[in-house]
2 protein chains.
Amino acid sequence: MPIDRRAAYPFCMNSSRLKQMPGHLIRRANQISSAIFSEEMVEYELTAVQLIALATIIDRPGMDATRLAEYIDFDKATIGGVIERLERKRLVERRVSQADKRIKELVATPAGRALVSVSMPHIERVQERILQPLSSGEQAQLMSLLKRIVAGFANSPSDAK
Amino acid sequence: MPIDRRAAYPFCMNSSRLKQMPGHLIRRANQISSAIFSEEMVEYELTAVQLIALATIIDRPGMDATRLAEYIDFDKATIGGVIERLERKRLVERRVSQADKRIKELVATPAGRALVSVSMPHIERVQERILQPLSSGEQAQLMSLLKRIVAGFANSPSDAK
DNA sequence: CAAAATTAATATGCCTGCATATCAAATTTA
DNA sequence: TAAATTTGATATGCAGGCATATTAATTTTG
């Protein structure tokens, strides 16, 4: 194996090295994962972000937007738009809480529940397709490593959300 | 270990399962990686995307926007804005090619080269920090698995770019 | 050579992501 | 209890991400 002289000189950078860095690879993996999601969900017109928000609202009816954002790791400022789009499609409703009038409780409509239910097989397929270049052992390994990275930064200042 | 009954019923979904899926974990990893990048680069006001574009332009002076986008896996429609912002900061220049007047050749300014040069140690640190929850062997493993995922979809229809 | 197809850049529209600010409602505390 | 602080929702502004369309320059092809 030829010696990579650049390794000895960390300040000598070039674009091929940048392309091999975790930041870029993670960005690419995300790009691929989103593309597969859209392909698989094209008939339902639901983004990955909208789906996980909707599924969580179904799971935990009455949750408010701030709790939802925390739970699925969304930015507080982003969640509003996501919910607004789900509401516009009549998949969720927002109801002002009588106990605390700052809070709007989120509930899914029957159409929202139906949509998540029929899209589930597709969601499973998205995940299979993302990992498909790897053997089943490697898939488990990747998942475990990613989980540890994500867990490692939970609640850290570097995890903006 | 208790049996996860949900595994036997793939259509029974809930939000905790979605949160464990590769799509979500990759999205989270990307979120963390971007946050660390901004932290590390806060004094330079350069995004990860701008940096890799700039570094590539330095590496391959005279490249045009379409080639650049392909090389660093950007969407063709996104690259324009990224270059525009680099140009506004006087880090790159666009010059109409005399050989083919459709093409604008990209070159970095001295300021652009200087900026990449001084930010390199930070870029190295970003990558270390992302992988920091893992042992050095696991870091290598993760990188290799991610590379294979990314390579597995290169030029595939599922890789929008 | 002229019409057709391709290509590079750019624009628009929608969605996500995040920092920052505002406002009203609730809670804390002085 | 009144003032200060916190909290939830929302708005604005900017960046990236992508589909789709347009325009001008170039290449292909009939």
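A, B, ... follow the sequence lines: proteins, then strands. Residue 1 opens every chain. All values reported here derive from a predicted model rather than from experimental measurement.
Side-chain N or O atoms of A/Ser119 include one that pairs as donor or acceptor with a backbone N or O of A/Leu115 at under 3.5 Å.
Using a 4.0 Å heavy-atom distance criterion, B/Thr78 is classed as a base contact. Using a 4.0 Å heavy-atom criterion, one finds that B/Ala65 contacts the sugar-phosphate atoms exclusively.
Residue B/Thr47 places at least one side-chain N or O under 4.0 Å from the OP1 or OP2 atom of D/dG16. Side-chain N/O atoms of B/Gln31 include one lying less than 4.0 angstrom from OP1 or OP2 on C/dC18. Under 4.0 angstrom from either OP1 or OP2 of C/dA9 there lies at least one side-chain N or O belonging to B/Thr66. Dashed line: the shortest gap from a side-chain N or O of A/Gln50 to OP1 or OP2 of C/dT16 is under 4.0 Å. Checking the phosphate oxygens (OP1, OP2) of D/dT10, a side-chain nitrogen or oxygen of A/Arg94 falls inside 4.0 Å.
A/Leu68 has its side chain out of reach of A/Phe74: every pair of non-hydrogen atoms, C-beta onward, lies at least 4.5 Å apart. B/Arg67 is not listed as a side-chain neighbour of B/Arg60, based on a closest heavy-atom distance of 4.5 Å or more.
Regarding A/Ile36, its CD1 atom lies at a distance of 16 Å from the C1' atom of D/dG17, rounded to whole Å. Distance A/Asp75 CG to C/dC15 C1': 14 Å, rounded to the nearest Å. One atom, CD of A/Glu84, and another, C1' of C/dC15, lie 12 Å apart when rounded to the nearest Å. To the nearest angstrom, P of C/dA19 lies 14 Å from CD of B/Glu45.
For the atom pair A/Arg113 CZ and A/Leu54 CG, the distance stands at 10.0 Å (nearest 0.5 Å). Distance check, rounded to the nearest 0.5 Å: NE2 of A/His24 to CG of A/Leu18 gives 9.0 Å.
Just one of A/Glu128, A/Gln127, A/His122 meets the side chain to side chain contact (heavy atoms under 4.5 Å, CB included) condition when paired with A/Glu40; it is A/His122.
If you find the closest nucleotide of DNA chain D to A/Gly80 and to B/Ala77, the one lying nearer the 5' end belongs to A/Gly80.
For the segment residues 100-108 of chain B, residues with any heavy atom less than 4.0 angstrom from an atom of DNA chain C are, sorted by number, B/Arg102, B/Ile103, B/Lys104.
Between A/Gln31 and A/Arg28, the side chains place a donor N or O and an acceptor N or O closer than 3.5 Å (distance only, hydrogens not considered).
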